[in-house]
2 protein chains.
Amino acid sequence: MAERISDAEHAVMEVLWDESPLSAQDVGERIPAGRDWSANTVKTLLGRLLAKNIIGHQEEGRRYLYRPLVERGDYVAGESKKLMDRLFGGKLTPLVAHLAERDELTDSDIAEIEALLKALKS
Amino acid sequence: MAERISDAEHAVMEVLWDESPLSAQDVGERIPAGRDWSANTVKTLLGRLLAKNIIGHQEEGRRYLYRPLVERGDYVAGESKKLMDRLFGGKLTPLVAHLAERDELTDSDIAEIEALLKALKS
DNA sequence: GGCTATTGACTACATCCGTAATCGAGACGA
DNA sequence: TCGTCTCGATTACGGATGTAGTCAATAGCC
């Protein structure tokens, strides 16, 4: 397992993580606009995710309802780790330092993170 | 520009970011073990990176020396942002929170980041 | 001057990805 | 019962990717 989730597949997963189980049609309706897919495309992606055992299905009448088999948290953890490993030698500090250097952290971001860290230490 | 760098290409870039200019052969020798590429593979990747204008070359005798045209920092910034946008709504705080929750932050990580943030505020 | 080794260029090819059309089986209305 | 609509399954297809072989030019060796 631990099969790769492609970008298009990820969009489908976000829908299912947000709400499930859903039919193929429901998923299609919930795909964010901009990603202008035909119903067939959604079905193909669901099929691929099924084949990879990343989602499961249950019959409901003459159609399927799909639900995630993988927790969003697990997926997110894996992706985050991959990025940190690849670009920051596996450490978060350089990532934060990098963002700070790039002025991509506002004062309120900093305050939020400080508060979070304070809470973690208690 | 701002062409996509694939995974295999990224391995080549890391070598060049670390040291440049290098010949194709030098790059091949510096690719980390485990990634067991033939010399031809390295040359193909260099060619693709050249075509995308991500690296440049200069003649040195009858061969080329390659060097990056893109800063590692810029690349890293883009990738980090992409991850945060995709998984954390573009905010760093949830990423930190997520890692903390997963016990992927040691006490010394937390201390380091706190020190970093403190420095940022001054 | 011809043979051989090196180097970049070009070609190859299987897989994955994004996107979608088509097909076949069952459900449903006429 | 027959055509139609709806689903999932299968097939399609161009482009990117990972990996590598072959070709043509050149440069050095004998």
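Sequence lines set the chain letters: A, B, ... in the order given, protein chains first and strands last, and positions in each chain run from 1.
Mapping A:D36 and B:Y64 onto DNA chain C by nearest heavy atom places B:Y64 closer to the 5' end of the strand. Positionally, the nearest nucleotide of DNA chain D for A:L65 lies more toward the 5' end than for the other of A:L65 and B:A8. Toward the 5′ end of DNA chain C lies the nearest nucleotide of B:H57, the other residue of the pair A:R35 and B:H57 mapping further downstream.
Taking the screw axis at each terminus of the helix from C:dG1-D:dC30 to C:dA30-D:dT1 from five consecutive base pairs, the angle between the two is 30° to within rounding of 10 degrees.
In this structure, B:A24 and B:K43 approach most closely via the heavy-atom pair CB-CG, 3.9 Å. Residues B:H98 and A:A77 come closest through the heavy atom pair NE2-CA, 3.2 Å. Closest approach of B:H10 and B:I5 over heavy atoms only: N-CG2, 3.6 Å.
With hydrogens and angles ignored, the 3.5 Å screen pairs no side-chain donor or acceptor of B:S20 with any backbone N or O of B:L22.
Scored by the side-chain contact (heavy atoms from CB on, under 4.5 Å) test, A:E112 finds B:K91, B:T93 as partners (sequence neighbours excluded).
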Under the criterion side-chain contact (heavy atoms from CB on, under 4.5 Å), I'd like the reasoning laid out for A:L92 against A:L95: C-alpha separation, chi angles, the key distance, then a yes or no.
CA-CA 5 Å; A:L92 177 61; A:L95 169 58; 3.7 Å; yes
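A heavy atom lying under 4.0 Å from DNA chain D marks the following residues of residues 40-48 of chain A, by number: A:K43, A:R48.
B:A24 comes within contact range of the sugar-phosphate backbone alone, with a heavy-atom separation under 4.0 Å but no base atom that close.
Taking a heavy-atom distance under 4.0 Å as the criterion, the stretch of DNA chain D touched by chain B extends 5' to 3' from D:dT17 to D:dA27. Extent of DNA chain C lying under 4.0 Å from chain A heavy atoms, first and last nucleotide in 5' to 3' order, is C:dC17 to C:dA27.
Looking at B:R48 and B:T44, their side chains come closer than 4.5 Å, going by heavy atoms from C-beta outward. At a threshold of 4.5 Å between non-hydrogen side-chain atoms, the residues A:L16 and A:L46 count as touching.
A salt bridge does not link B:E9 to B:R4: none of the charged nitrogens lies less than 4.0 Å from a carboxylate oxygen. A:E114 and B:K118 are not joined by a salt bridge, as no carboxylate oxygen comes within less than 4.0 angstrom of a charged side-chain nitrogen. Under a 4.0 Å N-O distance rule, the pair B:R30/B:E14 does not qualify as a salt bridge. A salt bridge links A:D7 with A:R35: the distance from a Lys NZ or Arg NE/NH1/NH2 to an Asp or Glu carboxylate oxygen falls below 4.0 Å.
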Tell me which donor-acceptor pairs under 3.5 Å the side chains of residues 59-66 of chain B have, and how far apart each pair is, sequence neighbours excluded?
unit_1 : atom_1 : unit_2 : atom_2 : d
B:E60  : OE1    : B:R63  : NE     : 3.2

